Engineer: 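To start, I am sharing the structure in question, which I have written as structure tokens.
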Amino acid sequence: MYHWTIGVLILLGVAFAHGHAQDLRAHRWENRVVLLVGEEVRAGSSTALPAEWAEQLRELAGDPAGLVERKLVVYQVTPQGYRRGLETDGGWRGKADLYWKYSRWRTPFQVLLIGLDGGVKLRQTEVLPRAELFARIDGMPMRKAELQRRGD
């Protein structure tokens, strides 16, 4: 009885943790993911996300059809949580699991591209121009196959 109870408690704990932590596995083979990963920086007496953060969001928002065409999903990730999409106000949720998994360099700003296979295809600490992002994706074998299937 004792072993059974421990087993149930462990399974419930794993299920609870999994249900409340964002996991990118749901996007595997369905979407490419752009992660904006960063920390708030002190600006005078307050803190804010780095200027590159807002610049990267503007860059991505400049071609929403291009994002959809390339099956791109955007996540904004900080030590406090995450939000999905290009919103700039509120909407933070979850825990910092994504931050701790992807913040390899302790810098105020990073942008990562996660491929359909779930692997990190690009990581840099400066704003990624949309044309460079799209060119990188369009040069990937799976993207080339997508375009060939469509006849582009």
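Quick note: residue numbers are just sequence positions, from 1. Worth saying up front: this structure is predicted, and the values here are computed from it rather than measured.
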Engineer: Please report the closest heavy-atom contact between Leu49 and Trp92, naming both atoms and the distance.
Structural biologist: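 In this case the closest contact between Leu49 and Trp92 is CD1-CZ2, 4.1 Å.
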Engineer: For the hydrophobic clusters of this structure (ILVMFWY residues joined by side-chain heavy atoms under 4.5 Å, transitively), does one cluster hold both Val73 and Leu67?
Structural biologist: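 Not linked; separate clusters.
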Engineer: Less than 4.5 Å apart, any side-chain heavy atom of Glu132 and any of Gln124?
Structural biologist: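 Answer yes - side chains close enough.
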Engineer: Would you say Met140 ends up clustered with Ile114 if hydrophobic residues are merged whenever their side chains have heavy atoms under 4.5 Å apart, either directly or through other cluster members?
Structural biologist: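 They do not share one cluster, since no chain of ILVMFWY contacts under 4.5 Å joins Ile114 to Met140.
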Engineer: Kindly indicate whether the side chain of Gln56, heavy atoms from C-beta on, has any atom under 4.5 Å from the side chain of Phe109.
Structural biologist: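 Yes, side chains in contact.
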Engineer: In terms of hydrophobic clusters joined by side-chain contacts under 4.5 Å, are Leu86 and Ile137 together?
Structural biologist: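 Yes; tracing contacts between hydrophobic side chains, which count when under 4.5 Å, links both residues.
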Engineer: On a heavy-atom basis, which atom in Lys144 and which in Asp138 lie closest, and how many Å separate them?
Structural biologist: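 Looking at all heavy atoms of both residues, the shortest contact is CG-O, 3.6 Å.
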Engineer: Is atom NZ of Lys101 surrounded by more than 12 heavy atoms (other residues, nucleotides or ligands) closer than 6.0 Å?
Structural biologist: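 Open: at most 12 neighbouring heavy atoms sit under 6.0 Å from NZ of Lys101.
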Engineer: How about Trp53 and Val111: do any of their side-chain heavy atoms sit closer than 4.5 Å?
Structural biologist: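 A side-chain contact is absent here, since even the closest heavy-atom pair is not under 4.5 Å.
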Engineer: Determine, using the 4.5 Å side-chain heavy-atom cutoff (strictly less than), whether Tyr75 and Leu72 are members of one ILVMFWY cluster.
Structural biologist: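 As far as the 4.5 Å side-chain criterion goes, Leu72 and Tyr75 are not connected within one cluster.
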Engineer: Rounded to the nearest 0.5 Å, how far apart are CD of Gln76 and CG of Leu60?
Structural biologist: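 If we round to the nearest 0.5 Å, Gln76:CD and Leu60:CG are 9.5 Å apart.
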Engineer: Rounded to the nearest 0.5 Å, how far apart are CG of Leu122 and CZ of Arg136?
Structural biologist: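 Answer rounded to 0.5 Å: 4.5 Å.
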Engineer: Quick one: CZ on Arg123 to CD on Gln110, what's the gap to the nearest 0.5 Å?
Structural biologist: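 Rounded to the nearest 0.5 Å, the CZ-CD separation comes to 5.5 Å.
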Engineer: For residues 55-66, pull every pair meeting salt bridge (Lys or Arg N to Asp or Glu O under 4.0 Å), keeping only residues two or more places apart or in separate chains.
Structural biologist: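 Sorted result for residues 55-66: Glu59-Arg130.
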Engineer: Identify the two heavy atoms, one from Arg28 and one from Leu116, that lie closest to each other, and give their separation to 0.1 Å.
Structural biologist: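 Taking every non-hydrogen atom into account, CG-O, 3.3 Å.
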Engineer: In terms of hydrophobic clusters joined by side-chain contacts under 4.5 Å, are Val74 and Leu24 together?
Structural biologist: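 As far as the 4.5 Å side-chain criterion goes, Leu24 and Val74 are not connected within one cluster.
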Engineer: How far apart are the closest heavy atoms of Tyr99 and Thr78, and which atoms are they?
Structural biologist: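 It is CB-O, 3.4 Å.
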Engineer: Quick test of your reading: applying salt bridge (Lys or Arg N to Asp or Glu O under 4.0 Å), list the pairs with at least one residue in residues 34-52, sequence neighbours left out, ordered by first then second residue.
Structural biologist: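 Listed by first then second residue: Glu39-Arg106.
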Engineer: Side-chain donor-acceptor contacts of residues 29-38 below 3.5 Å, not counting sequence neighbours, with atom names and distances?
Structural biologist:
residue: Asn31; atom: OD1; partner: His27; partner atom: ND1; Å: 3.2
residue: Arg32; atom: NH1; partner: Arg70; partner atom: O; Å: 2.9
residue: Arg32; atom: NH2; partner: Glu146; partner atom: OE2; Å: 3.0

Engineer: Which value, rounded to the nearest 0.5 Å, describes the distance between Asp117 atom CG and Met142 atom CE?
Structural biologist: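 Those atoms lie 7.0 Å apart.
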Engineer: Atom CG in Leu133, atom CG in Leu128: separation rounded to 0.5 Å?
Structural biologist: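 Going from CG on Leu133 over to CG on Leu128, the span is 5.0 Å.
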Engineer: If I compare all heavy atoms of Val41 with all of Pro108, which pair ends up nearest, and what's the gap?
Structural biologist: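 What the structure gives for the nearest pair is CG1-CB, 3.6 Å.
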Engineer: Contact between Lys95 and Gln80 at the side-chain level, heavy atoms closer than 4.5 Å - yes or no?
Structural biologist: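 They are not in contact (no side-chain heavy atoms under 4.5 Å apart), so the answer is no.
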